[in-house]
S.K.: 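One structure, as structure tokens, below. Some questions next.
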Amino acid sequence: MKISLKLSAAIIAGVMAFAPAAQAEDIPEVAVVHQIIDLNADTPAHAFRFEPKLLQVPAGSTVRFKGSTGRHTVTSIIRMIPVGARAFEIRGQPEMDLTFDKEGVYGIRCRVHGRHGMVMLLIVGDPSSNLEEARAYLPKLGEAERAGFEELFEQLEDQNG
């Protein structure tokens with residue numbers, strides 16, 4: 001009986017030693033985006049914002065959007081998402097996870113505060129599938145949204161050469 005217990009303990013210890021590594025590889029990291037209302041900010045664009053405003057993740061990643069309460073929304077801009085990707089809108093949810101499988105650029109805004117420049121760019125994998133199409137849509141946006149996205153596209157170019 002003592003041999004069986006020792007053997008069982010050794011097997012359990014061995015499994016437990018390898019379990020954290022296996023689980024870490026199987027469970028993808030969740031990226032978090034916060035919706036911010038900062039009443040002490042000096043401009044509307046800083047008062048109403050997503051953090052981060054530019055996020056790059058591999059295809060298949062899950063993004064957790066936090067703070068879509070009150071009048072806030074997380075709204076995809078249909079002409080600024082990859083062909084075949086599902087449009088989405090989150091509202092009235094303090095937290096929601098979305099998984100992004102289609103590679104490309106996702107233009108996102110708060111439907112209410114977008115007029116203040118509350119926008120973000122989510123880059124899933126390779127942005128080239130719809131980068132030019134997303135940029136071509138900028139003239140159709142309001143002034144603050146367009147300015148916010150132009151800044152984000154410049155940051156994307158700086159980061160990716």
Side-chain angles (χ1 to χ4, degrees), residues 12 14-41 44-135 137-138 141 144-145 148-161:
I12 291 171
V15 168
M16 291 180 73
F18 289 105
Q23 288 175 353
E25 289 177 17
D26 294 341
I27 301 171
E29 186 176 324
V30 175
V32 177
V33 174
H34 296 274
Q35 291 178 280
I36 306 294
I37 300 175
D38 181 356
L39 300 178
N40 295 318
H46 290 113
F48 303 103
R49 66 186 188 275
F50 292 100
E51 282 188 8
K53 290 182 176 187
L54 177 63
L55 177 63
Q56 294 183 280
V57 298
S61 293
T62 298
V63 178
R64 178 169 296 142
F65 292 93
K66 293 182 123 190
S68 185
T69 57
R71 296 176 52 195
H72 274 304
T73 70
V74 177
T75 305
S76 61
I77 300 171
I78 293 174
R79 300 286 301 271
M80 293 181 73
I81 64 174
V83 172
R86 281 185 79 179
F88 57 88
E89 180 167 279
I90 303 168
R91 66 172 110 179
Q93 299 289 323
E95 183 174 296
M96 182 172 248
D97 290 356
L98 296 176
T99 300
F100 293 87
D101 295 317
K102 288 273 186 190
E103 290 192 335
V105 173
Y106 290 76
I108 299 170
R109 67 175 159 207
C110 175
R111 188 178 292 276
V112 175
H113 300 108
R115 68 178 181 261
H116 299 301
M118 187 171 182
V119 298
M120 76 167 289
L121 267 184
L122 172 63
I123 309 303
V124 177
D126 180 9
S128 66
S129 70
N130 71 320
L131 181 63
E132 293 310 314
E133 293 85 353
R135 283 188 127 163
Y137 191 69
L138 294 182
L141 298 174
E145 285 181 332
F149 278 121
E150 285 172 349
E151 180 181 313
L152 293 171
F153 279 116
E154 286 177 23
Q155 287 178 22
L156 179 62
E157 281 180 13
D158 290 347
Q159 286 179 6
N160 295 325

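The structure displayed is predicted, hence computed values, not measured ones.
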S.K.: Report the C-alpha distance between Met120 and Val33 in whole Å, list the side-chain angles of each, state the deciding distance to 0.1 Å, and finish with yes or no for side-chain contact (heavy atoms from CB on, under 4.5 Å).
M.R.: CA-CA 10 Å; Met120 76 167 289; Val33 174; 3.7 Å; yes
S.K.: Taking side chain as C-beta onward, heavy atoms only, is Val57 less than 4.5 Å from Glu29?
M.R.: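 The answer is no, as the side chains (C-beta and beyond) never meet within the 4.5 Å cut-off.
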S.K.: Is Glu145 salt-bridged to Arg115, cutoff N-O under 4.0 Å?
M.R.: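 Salt bridge: no.
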S.K.: Using 30° and 60° as the class limits, which term best fits the ring planes of Phe65 and Phe100: parallel, tilted or perpendicular?
M.R.: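 Answer is perpendicular, since the angle exceeds 60°.
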S.K.: For Gln35 and Phe50, run side-chain contact (heavy atoms from CB on, under 4.5 Å): C-alpha distance rounded to whole Å, both residues' side-chain angles, the deciding distance at 0.1 Å, then the answer.
M.R.: CA-CA 5 Å; Gln35 291 178 280; Phe50 292 100; 3.5 Å; yes
S.K.: Report yes or no: does Ser129 contribute a side-chain atom to a donor-acceptor pair with the main-chain N or O of Glu103 at less than 3.5 Å?
M.R.: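 At least one qualifying donor-acceptor pair exists.
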S.K.: Distance check, rounded to the nearest 0.5 Å: Lys66 atom NZ versus Ile90 atom CD1?
M.R.: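 Lys66 NZ to Ile90 CD1: 13.0 Å, rounded to 0.5 Å.
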S.K.: Check step by step if salt bridge (charged side-chain N to carboxylate O under 4.0 Å, His left out) holds for Arg79 and Glu133.
M.R.: CA-CA 8 Å; Arg79 300 286 301 271; Glu133 293 85 353; over 6 Å; no
S.K.: Which heavy atom in Asp101 sits nearest to a heavy atom in Gly60, and how many Å separate them?
M.R.: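 Closest pair (atom of Asp101, atom of Gly60, distance): OD1-CA, 3.4 Å.
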S.K.: Do Cys110 and Phe48 come close enough that some side-chain heavy atom pair is under 4.5 Å?
M.R.: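 Sidechains of Phe48 and Cys110: no contact.
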S.K.: Report yes if the side chains of Gln93 and Val74 come closer than 4.5 Å at any heavy-atom pair, otherwise no.
M.R.: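 No. Closest side-chain heavy atoms not under 4.5 Å.
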S.K.: Okay, side chain of Asn130, backbone of Val105: is any donor-acceptor separation there less than 3.5 Å?
M.R.: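 Confirmed, Asn130 side chain pairs with Val105 backbone.
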S.K.: Is the count of non-hydrogen atoms from other residues, nucleotides or ligands lying under 6.0 Å from His34 atom NE2 greater than 12?
M.R.: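 Enclosed: over 12 neighbouring heavy atoms sit under 6.0 Å from NE2 of His34.
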S.K.: Quick check: do Val119 and Arg49 have side-chain heavy atoms less than 4.5 Å from each other?
M.R.: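 They are not in side-chain contact.
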S.K.: Looking at Ile108 and Phe149, what are the two nearest heavy atoms and their distance?
M.R.: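 Result for this residue pair: O-CZ, 3.6 Å.
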S.K.: With distance as the sole criterion, is a donor-acceptor pair present between the side chains of Glu89 and Thr75 under 3.5 Å?
M.R.: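 There is such a pair between these side chains.
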S.K.: Are the side chain of Thr73 and the backbone N or O of Arg91 linked by a donor-acceptor pair below 3.5 Å?
M.R.: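 Judged by distance alone, no pair lies under 3.5 Å.
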S.K.: Would you say Arg109 and Leu141 make side-chain contact, with heavy atoms under 4.5 Å?
M.R.: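 Arg109 reaches Leu141 side chain to side chain.
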S.K.: Side-chain contact, heavy-atom cut-off 4.5 Å: Asp97 with Val63?
M.R.: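 With C-beta onward as the side chain, the pair stays apart.
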S.K.: Testing Leu131, Leu156, Leu55 one by one against Ile123 for a side-chain contact (heavy atoms from CB on, under 4.5 Å), which residue passes?
M.R.: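 Result for side-chain contact (heavy atoms from CB on, under 4.5 Å) with Ile123: Leu156.
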S.K.: Decide yes or no for Val112 and His72: does some side-chain heavy atom of the first lie under 4.5 Å from some side-chain heavy atom of the second?
M.R.: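 Heavy-atom side-chain distance check fails, nothing below 4.5 Å.
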S.K.: Can you find a pair of side-chain heavy atoms, one from Gln155 and one from Lys53, that are under 4.5 Å apart?
M.R.: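 With C-beta onward as the side chain, the pair stays apart.
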